[in-house]
Trainee: 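Quick one: the structure is below, questions incoming.
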2 protein chains.
Amino acid sequence: MARVPLDKTDRKILAILQTDGRLSNQEVAERVSLSPSPCLRRIKRLEESGVIRQYVALLAPERIGLGLLAYVNVRLEKHSDAAGAAGSRSPRGDFAASVDHWPEVVACYAMTGEMDYLLRVHVEDMEHFSRFMMETLLRHAAVLDVKSSFALQRVKDTTALPLV
Amino acid sequence: MARVPLDKTDRKILAILQTDGRLSNQEVAERVSLSPSPCLRRIKRLEESGVIRQYVALLAPERIGLGLLAYVNVRLEKHSDAAGAAGSRSPRGDFAASVDHWPEVVACYAMTGEMDYLLRVHVEDMEHFSRFMMETLLRHAAVLDVKSSFALQRVKDTTALPLV
DNA sequence: CGTGAAACATTAGCGGC
DNA sequence: GCCGCTAATGTTTCACG
């Protein structure tokens, strides 16, 4: 949970793996001017300390038929609880659990401001979005109000975090 | 740019690599009940057709000192152009180019609705955010107005797209 | 941190369904 | 067309200096 201290070499390694997560350890070692074994030890340390959370392949949405990206702000009914007792069936807990099962929703954060949640939603087209709204999101008992915006153009979208 | 047709095995492979992008080809092959060579041929095809765009390591923001996540809506001054001539210095073009250089901004989309852009911004804390706003974002000549919200809780955040 | 060696993975060519 | 075998080459990984 705490911050992990990183030296210059660690940061170099992270910068490389944030850009190309499938480079061989040998290749990484070469780029940071280390031999393979200390480089691997560092990478293992970064994995075990939780700095590197996961390795993934990123797909191109438009190549798999996901032509529309929406951000949806959601307001829930009276938020009665923050951390209800087990089995408490709070609106917020219910909503969070549901979101997990909706594959169109790739991100969901509880936010400050007027609305309670911000969702990022990938769908094929407006018809698919409409179906998702009518048959899934708006049917959820806890949902009071939603406001949607649609992406017109991607200017930037990276998973690479700034290394401070 | 067009959609790539995927059969059931392709989708299985993508589901696996979206979750663990560093699995060996052998391991993937085993999980989809194929021998290594046809499996590798499929993965190569998915890479070359642009379905798999990139492999990356995902880092935990809180482990590297990025304790605050903000979404910032930005409105620009009068949008005069959509695709200006070379060297036209339009507000939108200028803004997009700047965003690319700001490492705190990991995502930026032009959006429908009142505001022109939605930014996702990772910073250390409120002080860092404040500095980013005062010294960077609000100093940009094209920026007219901003509205920020802050993440209170991550409910879900995945890079795995739904495979339709 | 680096070396070296065993275990393991990748990849291209070829034949078969 | 797509699958699977084989064999050469390259990579990972760990005990040890």
Trainee: Please write out each protein N/O paired with an N/O of nucleotides 4-11 of chain C under 3.5 Å, distance rounded to 0.1 Å.
Mentor:
| from | atom 1 | to | atom 2 | distance (Å) |
| --- | --- | --- | --- | --- |
| C/dA9 | OP2 | B/Q26 | OE1 | 2.8 |
| C/dT10 | OP1 | B/N25 | N | 3.0 |
| C/dT10 | OP2 | B/N25 | N | 3.0 |
| C/dT10 | OP2 | B/Q26 | N | 3.1 |
| C/dT11 | OP2 | B/K44 | NZ | 3.3 |

Trainee: Other members of the hydrophobic cluster containing B/L161, with the 4.5 Å side-chain heavy-atom rule, please.
Mentor: A/L59, A/I64, A/L66, A/V106, B/V4, B/L6, B/I13, B/L14, B/I16, B/L17, B/L23, B/V28, B/V32, B/L34, B/I43, B/L46, B/V51, B/I52, B/Y55, B/L163, B/V164

Trainee: Between A/T19 (side chain) and A/A15 (backbone), is there a donor-acceptor pair under 3.5 Å?
Mentor: yes

Trainee: Report yes if some heavy atom in the side chain of A/V56 is under 4.5 Å from a heavy atom in the side chain of B/D20; otherwise report no.
Mentor: no

Trainee: Give a yes or no on whether the ring-centroid distance for B/F150 and B/Y71 is below 6.0 angstrom.
Mentor: no

Trainee: Hey, does B/R45 reach any base, or is it just sugar-phosphate, or nothing, if we go heavy atoms under 4.0 Å?
Mentor: nothing

Trainee: To the nearest 0.5 Å, what is the distance between CZ on A/R22 and CZ on B/R22?
Mentor: 8.0 Å

Trainee: Roughly how far, to the nearest 0.5 Å, is the CG atom of B/L40 from the CD atom of B/E47?
Mentor: 8.0 Å

Trainee: With distance as the sole test, does B/D145 use its side chain to make a donor-acceptor pair with the main-chain N or O of B/R75 at under 3.5 Å?
Mentor: no

Trainee: Of all nucleotides in DNA chain D that come within under 4.0 Å of a heavy atom of chain A, which is furthest toward the 5' end and which toward the 3' end?
Mentor: D/dT11 to D/dC14

Trainee: Find the runs of at least 3 consecutive base pairs, i with j, i+1 with j-1 and so on, that include DNA chain D, using Watson-Crick or G-U wobble geometry with both distances under 3.5 Å.
Mentor: C:2-14 with D:4-16

Trainee: Any sub-3.5 Å donor-acceptor pair from A/D100's side-chain atoms to A/A97's backbone N or O?
Mentor: no

Trainee: Can you name the residues that form a ring pair (Phe, Tyr, Trp, His ring centres under 6.0 Å) with B/Y117, not counting sequence neighbours?
Mentor: B/F95

Trainee: To which residues is B/M115 joined in a hydrophobic cluster, defined by side-chain heavy-atom contacts under 4.5 Å among Ile, Leu, Val, Met, Phe, Trp and Tyr, whether direct or through other members?
Mentor: none

